[in-house]
Amino acid sequence: MSSSEDEIVLSKRVKKTSKKNGSMTSTAASELDDDLPLSQRNNGVVKSKDTSVDEDYEEPIAEKVNRKRKSENGSSTVPKKTKKVKTETDASAKKSDKEPKQKRETKPKKETKSKNAAVKAEKDEDVPTSQNEEKDEDEDEGYKWWEAEDVDGVQKWETLEHNGVLFPPEYEPLPSHVKLYYDGKPVKLSLEAEEVAGFYGAMLETDHAKNPVFQKNFFGDFLDVIKETNGSDVEIKDFEKLDFSKIFAHFEKLREEKKLLTKDQKKAMKEEKERIEEPYKTCLFNGHKELVGNFRVEPPGLFRGRGAHPRTGKLKRRVYPEMVTLNIGAGAKIPEAPPGHSWGEIKNDNTVTWLAMWRENIADSFKYVRFAASSSIKGVSDFKKFETARRLRSHVDAIRKDYTKMLKSELMQDRQMASAIYLIDVFALRAGGEKGDDEADTVGCCSLRYEHITLKPPNKVIFDFLGKDSIRFYQEVEVDKQVFKNLRIFKKAPKQPGDDLFDRINPTMLNKQLQNYMKGLTAKVFRTYNASKTMQDQLDLIPNEGTVAEKVVKFNAANRTVAILCNHQRTVSKGHGSSVQKINDKLKELMWQKIRLKRMILVLEPKLKNKQSHYFCEIDDLAKEDEEHIHHTVIARQREQVLKKMQRDNEKLKLEKQEILTEKSDEIKEKMAKIDDLEKEYKAELNGAKPEVKKNLTVEKLQQQVEVIENRIVTTTLQLKDKEDNSEVSLGTSKMNYIDPRLTVMFSKKFDVPIEKLFTKTLRDKFKWAIESADENWRF
DNA sequence: GATATCACTTAGAAGGAATACT
DNA sequence: AGTATTCCTTCTAAGTGATATC
């Protein structure tokens with residue numbers, strides 16, 4: 001492809017442009033050119049991975065940036081692209097381009113009022129948050145001790161009581177007739193091995209089970225368990241020869257049976273479940289009852305890694321009480337471990353917020369049992385998160401100005417730093433920490449590699465990489481000229497595919513840099529800030545008019561803009577393609593119905609065709625083949641309906657022991673004959689015959705019917721568009737994590753939209769603090 | 001001062017519940 | 001009334017980032 005060509009062209013351009021740009025830049029460029037990345041200095045070519053960043057370069061930056069630029073006028077040097085890129089896909093967002101220069105606040109002081117309100121609301125809930133009140137900007141006044149103490153997170157609670165965790169039920173063996181087969185022969189397995197076989201068998205029809213890596217990992221671990229437990233009477237060598245179909249069928253059957261339970265049975269089961277869960281659902285936190293989040297220990301199973309995860313399919317082993325550490329108040333009663341077991345460890349650590357913890361065997365990391373999202377402790381930290389993002393408002397101009405300047409620094413490291421911050425700010429990239437070989441290959445800003453961006457002069461960049469959860473990030477955008485130049489330099493030979501673009505910086509350094517601008521500022525704060533800022537801007541564009549439903553639609557459109565900014569996607573549901581097709585077919589059929597009605601009108605009053613030519617102009621729009629196709633589906637559907645009804649009737653008749661209807665019964669024959677007639681009629685119409693008009697119909701009645709159909713066409717079209725727009729965008733994540741909930745509350749109050757329409761029950765619980773503190777004038 | 005450890009937030013998939021459709 | 005579709009919750013994987021440790 002032309003990409004290598006591009007590169008050549010580009011590197012030529014580097015020299016040219018840098019010369020043109022006067023002495024400053026040209027020195028910079030030449031310095032940058034021979035300022036080789038460490039990885040290359042150390043060992044010739046080698047792949048990236050240089051964690052040893054040259055510190056000589058670090059010193060000057062830290063110094064330089066440390067200065068706080070309070071006196072800055074704050075005129076934004078930031079590229080307007082920010083907006084353009086974000087909103088392009090959203091029709092309703094178009095206008096936002098026009099007013100990005102709303103830099104209302106001159107002084108940050110304003111926010112104190114609403115903030116205090118929020119703090120007050122929290123106090124009503126007895127949230128221990130004395131520090132928050134002071135957590136204000138006012139940077140000039142320097143270091144604030146209480147913030148530091150806060151960040152240290154010294155003490156998170158005074159007292160803590162809970163009942164431990166709920167373990168998953170023990171393994172329930174398969175019935176004796178359900179077996180795994182190998183090479184056609186039944187296999188006798190130990191219970192442990194059978195359980196593992198069951199994990200795979202149950203998911204036989206999923207995509208996971210068809211993934212070769214998943215299969216290989218599963219198979220390896222399965223064999224291990226067999227070996228460990230002396231678990232098989234047949235030597236199993238070849239995965240392909242394993243037949244799980246009987247096991248799969250068994251689980252299918254169980255699922256079916258569960259569905260068929262009566263209402264009462266389901267209710268009884270639910271109550272039983274509740275009863276068992278009851279003790280674990282809540283805990284006592286500083287004497288208050290609080291909900292616990294994930295009190296259930298994760299059951300064993302096969303690890304479902306996302307994307308191309310090297311370990312997907314591995315056996316996630318059962319967790320026993322001996323592996324679990326409980327964290328509980330020193331004076332509290334220690335819950336009893338399940339019979340025959342004991343806890344691994346008991347801690348009384350009040351500097352952390354988890355109630356229990358265990359080590360997981362896939363990545364050897366920790367799993368925690370924590371408070372629910374609605375708990376006060378989570379609420380406080382959520383509140384703080386958004387307040388930190390809000391504080392960024394009064395620093396962001398200076399930060400943008402500074403990194404814009406730093407884009408031209410003579411130090412490679414500074415240029416990388418500035419460019420990275422630019423990308424994080426403008427395109428909402430994540431920080432991008434280093435990842436290991438035993439994880440999926442995904443990247444964020446700092447871990448972007450050569451192959452993840454394509455440069456198209458003069459300033460177009462195409463991003464194409466897999467981000468968190470292996471979600472693809474694909475965007476063609478225009479960037480700041482200097483950023484473009486820098487990216488070109490970062491890609492310069494000898495760098496090649498596989499090499500880090502940003503080989504002089506990492507998230508730790510980047511965050512250190514950001515803290516120089518503002519305390520508590522890290523890369524992720526930019527996502528929160530830009531998401532909430534975008535939401536505020538989008539909400540500002542919505543006129544206060546229309547029905548509640550219409551306003552909700554507009555709110556969702558604003559929400560969608562944010563989701564797109566943050567690249568929150570969902571995989572297109574399995575049936576999406578076909579359901580779009582369905583709606584399209586429905587639309588065509590509606591069109592046909594409308595046209596047919598209009599033809600009928602003309603049958604009654606042919607003169608109208610010329611009198612109201614506009615109204616009738618579309619009657620010839622339908623292509624003959626299309627019409628024929630529609631006729632066909634309509635007729636087929638009617639026949640099907642007759643047969644279906646027959647079947648239903650037959651079931652009743654069977655119960656009553658009466659004679660069963662068949663296709664030869666008179667009743668059915670009669671119905672079918674009618675449909676046959678209709679089919680002939682349609683055929684005749686296709687060849688130019690006039691449609692038959694029922695006697696009682698008048699022009700007015702027909703016109704009314706046309707109107708009804710037209711309305712249905714409009715709503716169906718909208719529905720289709722909405723479906724397509726939303727098919728791969730997930731609104732929930734931004735609503736839950738990025739959009740300051742007080743914005744939603746503000747919208748609810750200002751636009752008289754019940755909060756229930758905007759927040760689900762869970763979100764209302766989680767954001768109680770916001771619902772009670774923000775009013776219709778609240779601003780992010 | 002690099003690396004390991006730990007604790008926390010953010011994320012989409014899956015499955016169940018609620019609602020719409022016919 | 002039964003089924004299809006959408007909405008919501010649960011689950012747990014996958015990030016970020018601070019700190020402890022060697």
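Every chain is numbered from 1, with letters handed out A, B, ... down the list of sequences. Only a predicted model underlies this, so the values are computations on that prediction, with no experimental measurement involved.
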Salt bridge between [X] and [Y], side-chain N to carboxylate O under 4.0 Å?
X: A/Asp441; Y: A/Lys435; result: no
X: A/Lys156; Y: A/Asp349; result: no
X: A/Arg390; Y: A/Glu387; result: yes

Within the structure, does a side-chain N or O atom of [X] lie under 4.0 Å from either OP1 or OP2 of [N]?
X: A/Lys270; N: B/dG16; result: no
X: A/Gln569; N: B/dA11; result: no
X: A/Asn737; N: B/dT9; result: no
X: A/Thr508; N: C/dG17; result: no
X: A/Thr571; N: B/dG12; result: no
X: A/Thr522; N: C/dG17; result: yes
X: A/His309; N: C/dA14; result: yes
X: A/Ser381; N: B/dC8; result: no
X: A/Lys524; N: B/dT10; result: yes
X: A/Lys316; N: C/dA13; result: yes

Which is true for [X] with a 4.0 Å heavy-atom rule: it touches a base, it touches only sugar-phosphate, or it touches nothing?
X: A/Gly307; result: nothing
X: A/Gly305; result: sugar-phosphate
X: A/Arg255; result: nothing

In chain order, what residues pass the salt bridge (Lys or Arg N to Asp or Glu O under 4.0 Å) check against [X], with sequence neighbours excluded?
X: A/Lys270; value: none
X: A/Glu272; value: A/Arg275
X: A/Glu756; value: none
X: A/Lys258; value: none

Residues at least two apart in sequence or cross-chain that pass side-chain contact (heavy atoms from CB on, under 4.5 Å) with A/Gln581, listed by chain then number, are A/Asp585
Test of understanding: with side-chain contact (heavy atoms from CB on, under 4.5 Å), list the residues that count as partners of A/Arg317, not counting sequence neighbours. A/Val225, A/Glu228, A/Leu315, A/Asn361
Nearest to the side chain of [X], which nucleotide is it out of [options]?
X: A/Lys468; options: B/dC8, B/dA13, B/dT10; answer: B/dT10
X: A/Lys385; options: B/dA13, C/dT16, B/dT9; answer: B/dT9
X: A/Lys586; options: B/dG16, B/dC8, B/dT22; answer: B/dT22
X: A/Lys378; options: B/dC8, B/dT9, B/dT10; answer: B/dT9
X: A/Ala523; options: B/dA7, C/dG17, C/dG15; answer: C/dG17

So which protein N/O to nucleotides 20-22 of chain C N/O distances come out below 3.5 Å?
none

Going 5' to 3' along nucleotides 3-11 of chain C, which nucleotides have protein heavy atoms under 4.0 Å from the base (write B), which only from the sugar-phosphate (write S), and which from neither (write -)? -SSS-SS-S
Taking the nucleotide of DNA chain C with the nearest heavy atom to each, does A/Ser470 or A/Leu521 sit closer to the 5' end? A/Ser470
Not counting sequence neighbours, list each pair that qualifies as a salt bridge (charged side-chain N to carboxylate O under 4.0 Å, His left out) and has a residue in residues 299-316 of chain A. A/Asp221-A/Lys314, A/Glu298-A/Lys316, A/Arg306-A/Asp469, A/Arg311-A/Asp438
Where along residues 354-370 of chain A does a heavy atom fall under 4.0 Å from DNA chain C? A/Lys367
Sorted by chain and number, sequence neighbours left out, side chain to side chain donor-acceptor pair (under 3.5 Å) with A/Gln265 holds for A/Thr262
Identify every side-chain donor-acceptor pair in residues 199-209 of chain A under 3.5 Å, counting partners at least two apart or on other chains, and give the distances.
from	atom 1	to	atom 2	distance (Å)
A/Tyr200	OH	A/Ala209	O	2.6
A/Thr206	OG1	A/Met203	O	2.7
A/Thr206	OG1	A/Ala209	N	3.3

